[in-house]
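In what follows, chains are A, B, ... by sequence order, proteins preceding strands, each numbered from 1.
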Amino acid sequence: MSTHIKEQIKESVAKIISTKYEIDIKASDILLNLTKKEFEGDYTIVIFPYVKRLKMSPAVLGAELGQAIVDEMDEISAFNVVAGFVNLSIADQQWKQTLGAYASDDQLTTLPANGKKVMVEFSSPNTNKPLHLGHIRNILLGWASSQILKAAGYEVINTQIINDRGIAVCKSMLAWQRYGEGATPESTGIKGDHFVGQYYVRFDKELKAEYATWQTTAEAATVLAEKAKEGQSADEFFKAYKNDYFNEYSILGRDAKEMLRQWEAGEADTVALWKQMNGWVYDGFETTYKALGVTFDKLYYESDTYLLGKEVVEKGLKSGVFFKKDDGSAWVDLEAHKMDEKIVLRSDGTAVYMTQDIGTAMQRYADFGIDKMVYVVGDEQNYHFKVLFTILGMLGEPYADDLHHLSYGMVDLPEGRMKSREGTVVDADDLVQEVIAEAKKANDERGEIDELTAEEQADTLRKIGLSALKYFIIKVNPQKRMTFNPAESVDMQGQTGPYIQNAYVRVQSILRKSADYTESDYSAYETLEPMEKSLMRSLGEFKDTLAAAAENLDPSMIANYAYDLGKDYHKFYHDVRILKAESEAAKCFRLQLSRTVAVVLKDAMAMLGIEMPERM
RNA sequence: GGUUCCGUAGCUCAGCUGGAUAGAGCAGCUCACUUCUAAUGAGCAGGUCUCAGGUUCGAAUCCUGACGGGAUCACCA
């Protein structure tokens, strides 16, 4: 109870207003804000809503209410009224008591278990190329959401669906077969995902050459004459025709499609090659995931799930959720939900993306009995998920009203969009290396960690570099398209990961220096400093922030909170002496406050996948 | 064109279910390290919250419309 000062105030105030003025007010109706720093006080009640109902002037009502609160609540020591705002000051005694409660609270940064099971799907890469900056935003958002949900009381299962099949995968397989000459990641020393990615690029290059040659043939001339639109130049036409060329005339295209057919037929050599190359990619991904500090509890492979959902369509046809068109294809009519018709099974009976996703959702429910599902997928798929969730609802799935698409905007570079064709894609592994190198550069001028072992130093630099990168990406509201400025992403000053780490490190430094200090009673500490109260208020906001971040699936809320708390601590550190405090009681209080801030900072950052160094 | 997301300082972003004089960081200009780590702190400067209406005691926030930008509207995944 004492750890929820805000709730306590709201309840008391609601009771006071209800009895004193005989109107019905619930605690949840009370608007209680942090007092702006220009005014005296800790918390502020907005009384405008009652001014009108009670037909009293704000000044009179405020004065009456403030007095009543101070009289009835020991926790409140003073009040003042400005316009329609009643500013309340928390008694120093109460702050000391609250700090004591925080210190002994082993649930300081978590919410009680809610008995619900949630699955978070993120990353979900294709196995034909390495991970890039776009994946990093996805992975960081997914990981942070999963950690936040866990802290908010859910049982969480992290998953990714690995897109390990299809024409794209066959392209790299074919290129390796043709041009690889038996090379392997081991023989070349190239990380597996990058190795395979090279062959994907190689395929595209060969295809381009083949296409260029074809464009000079008589066949191409005929196609151009037949299909080019009015006023379209040959260049424009061929640019737009590339996909059709691949499907209709390309030798490489024909071979790649043949390879896909063989794979689907389970042809032994093809499947063996597929397994080998995917194995290389998985090794590569594993390294990247490890570097980013993320793990998965369950993997789904598209090669296992791509046939799922077909029986569901059969059943849905019988129950009338889906209907058949003349050509035999199956559809769902979403007009009642203000959307169009959507195909769920092709006329040849094969599944589409939507079918798979329906089947996979059901599979997951069968596997884990989940109550809630979060898909971390880019915002270009907003419509797809809207449709998917609607269909699952129509099918009466028990978890259907707790399906969420954590949609995020694309990551742009300062020069504009990342384009693989123009080689402006930022590789995930390169980026990680780069930020760590930058951390090393910044550290070399400082020398704070010189006395650590080489291994510890490397670990510290890794933590610092990654925090810069991760924080830079995660502090932005997921819905916003974001600009990734490489220079700014390695900044370590201002609103950055290292800035927050530094607040934590300062606490650790002080704690090391006071290791033999055993005093634990600060009851004699009289008057709290403004920054001490400010820190207490910030600490009191954590659970609200956590609840909101979990509710909105928005890790940036935690990121911004951690910055605010770190900023408060830096200022506190600057304003007051801790080890050389004016009294033992003050020193004891400040040490406890510092410890508590450090715990919250560390836990909050851990929710973002950011580790704290002990020194920096 | 339909749907949807975004638009806040030169730049990158906060601003919770409507509340007090719209906040940070970066960049720029000052100042503070014999004092617990200066990856810090203090200050100056920087704003028509895209625009126009509406609701309200009160709007960056809610509603309508316009403007600008993105995404999407595949028997691709």
Side-chain angles (χ1 to χ4, degrees), chain A residues 28 31 33 35-36 38-39 44 46-49 51-52 58 82-85 87 124 126 161 163 165-168 243 302 306 325 327 329-331 338-340 342-348 350-354 356-357 378-384 386 407 409-410 412 414 417 439 442-443 445-446 448 464 468 472 475-477 479-485 487-489 491-503 505-514 541 544-545 548 551-552 556-557 559-560 563-564 567 570-571 573-581 590 594 615-616:
Chain A
S28 54
L31 208 54
N33 298 331
T35 302
K36 297 224 163 198
E38 310 81 89
F39 300 95
T44 297
V46 183
I47 58 167
F48 283 112
V51 166
K52 206 175 179 188
V82 180
F85 304 92
N87 302 319
S124 301
N126 299 321
I161 179 148
N163 301 300
R165 63 166 288 279
I167 194 71
N243 246 345
E302 201 204 343
Y306 81 108
K325 286 199 174 175
D327 63 0
S329 55
W331 295 72
K338 292 181 180 166
M339 288 179 277
D340 288 337
K342 185 84 190 174
I343 190 161
V344 290
L345 213 56
R346 293 191 188 101
S347 53
D348 64 3
T350 54
V352 293
Y353 180 38
M354 190 61 72
Q356 271 183 56
D357 269 6
D379 62 7
E380 66 275 10
Q381 293 199 37
N382 284 354
Y383 185 69
H384 171 79
K386 202 173 161 194
S407 164
M410 189 167 290
D412 287 321
R417 251 181 119 126
N443 176 72
E445 296 161 14
R446 294 165 52 81
E448 289 288 347
I464 297 170
F472 183 80
K475 73 176 179 189
V476 181
N477 179 329
Q479 282 190 322
K480 284 192 168 172
R481 202 181 167 97
M482 72 171 290
T483 308
F484 183 85
N485 186 321
E488 285 174 15
S489 73
D491 269 354
M492 307 204 176
Q493 272 132 34
Q495 192 186 1
T496 66
Y499 172 95
I500 300 166
Q501 289 179 320
N502 189 233
V505 162
R506 285 180 143 177
V507 175
Q508 299 314 308
S509 175
I510 284 175
L511 293 179
R512 277 195 298 275
K513 292 201 162 94
S514 62
E541 293 296 301
D544 286 351
T545 306
E551 168 74 22
N552 299 318
S556 71
M557 298 175 91
N560 286 302
Y563 172 68
D564 289 338
K567 189 177 164 67
H570 278 304
K571 183 157 169 52
Y573 181 93
H574 202 266
D575 285 0
V576 307
R577 313 268 81 201
I578 300 169
L579 292 177
K580 290 173 192 159
R590 287 168 194 166
S594 297
R615 298 166 196 264
M616 64 190 289

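When both distances must be under 3.5 Å, the Watson-Crick or G-U wobble mate of B:rC44 is B:rG28. The partner of B:rC57 is B:rG19, judged by Watson-Crick or G-U wobble contacts that both fall below 3.5 Å. For B:rG68, the paired nucleotide is B:rC6, the pair qualifying as Watson-Crick or G-U wobble because both relevant distances are below 3.5 Å.
Across the interface with RNA chain B, nearest-nucleotide mapping of A:Ile343 and A:Asn443 shows A:Asn443 to be the residue nearer the 5′ end. Heavy-atom nearest nucleotides on RNA chain B were determined for A:Ser329 and for A:Ile510, and the one closer to the 5' end corresponds to A:Ile510.
The side chain of A:Lys325 places no N or O atom within less than 4.0 Å of a non-bridging phosphate oxygen (OP1 or OP2) of B:rC75. For B:rC5, neither phosphate oxygen OP1 nor OP2 lies less than 4.0 angstrom from any side-chain nitrogen or oxygen of A:Gln479. Between A:Lys52 and B:rC57 there is a side-chain polar atom (N or O) within less than 4.0 angstrom of OP1 or OP2.
Of all nucleotides listed (B:rU40, B:rU17, B:rG41), B:rG41 comes nearest to the side chain of A:Lys571. The side chain of A:Lys580 approaches B:rU35 more closely than any other nucleotide in the set B:rU17, B:rG70, B:rU35. Of all nucleotides listed (B:rA14, B:rC75, B:rU37), B:rA14 comes nearest to the side chain of A:Lys480. For A:Gln495, the side-chain atoms get nearest to B:rA24 when compared with the rest of B:rC75, B:rA24, B:rC11. With B:rA77, B:rU72, B:rG70 as the candidates, the nucleotide lying closest to the side chain of A:Gln381 is B:rA77. When distances run from any side-chain atom of A:Val46 to the nucleotides B:rG19, B:rA77, B:rG7, the shortest one goes to B:rG19. Out of B:rA39, B:rA71, B:rG41, the shortest distance to the side chain of A:Pro498 is found at B:rA39. Nearest to the side-chain atoms of A:Lys513 among the listed nucleotides B:rC75, B:rU37, B:rC11 stands B:rU37. Closest contact between the side chain of A:Lys386 and the listed nucleotides B:rA77, B:rU37, B:rU3 involves B:rU3.
For the P atom pair drawn from B:rC6 and B:rA38, the interatomic distance equals 41 Å after rounding to whole Å. Look at the C1' atom in both B:rA59 and B:rU21: the space between them is 16 Å, to the nearest Å. Atom P of B:rC16 sits at a distance of 15 Å from the matching atom of B:rA22, rounded to the whole Å. B:rU40 and B:rC36: their C1' atoms are spaced 13 Å apart (whole Å). On the C1' atoms, B:rA42 is 32 Å away from B:rU61, given to the nearest whole Å. The gap from the C1' atom of B:rG25 to that of B:rG41 amounts to 15 Å, rounded to the nearest Å. Of the C1' atoms belonging to B:rU17 and B:rC62, the separation is 11 Å, rounded to the nearest Å. B:rC75 and B:rU55 have their C1' atoms separated by 48 Å, given to the nearest Å.
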| request: Please step through side-chain hydrogen bond (donor to acceptor under 3.5 Å, both in side chains) for the pair A:Asp491 and A:Thr496, ending with a clear verdict. | output: CA-CA 7 Å; A:Asp491 269 354; A:Thr496 66; over 6 Å; no

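Among the atoms of the strands shown, only primed sugar atoms or phosphate atoms (P, OP1, OP2) are found under 4.0 Å from some heavy atom of A:Tyr383. Counting non-hydrogen atoms under 4.0 angstrom, A:Arg481 reaches the backbone sugars and phosphates but no base. As judged by a 4.0 angstrom heavy-atom cut-off over every strand, A:Val344 is placed among residues making no nucleic acid contact. A:Val51 comes within 4.0 angstrom of nothing in the nucleic acid, heavy atoms only.
One donor-acceptor pair, N or O on each side, does fall under 3.5 Å between the base of B:rA20 and the side chain of A:Asn87. Donor-acceptor pairing under 3.5 Å, judged by distance alone, is absent between the side chain of A:Asp348 and the base of B:rC75. With hydrogens and angles left out, the side chain of A:Arg446 and the base of B:rU37 share a donor-acceptor pair within 3.5 Å.
Stacking of the aromatic ring of A:Phe48 onto the base of B:rG58 is not found under the criterion of centres within 5.5 Å and planes under 30°. Between the side-chain ring of A:Tyr563 and the base of B:rA24, no stacking contact exists by the 5.5 Å and 30° definition.
Note: A:Phe85 CZ to A:Leu31 CG = 9.0 Å, rounded to the nearest 0.5 Å.
With hydrogens and angles disregarded, no donor-acceptor distance shorter than 3.5 Å links the side chain of A:Ser509 to the backbone of A:Val505.
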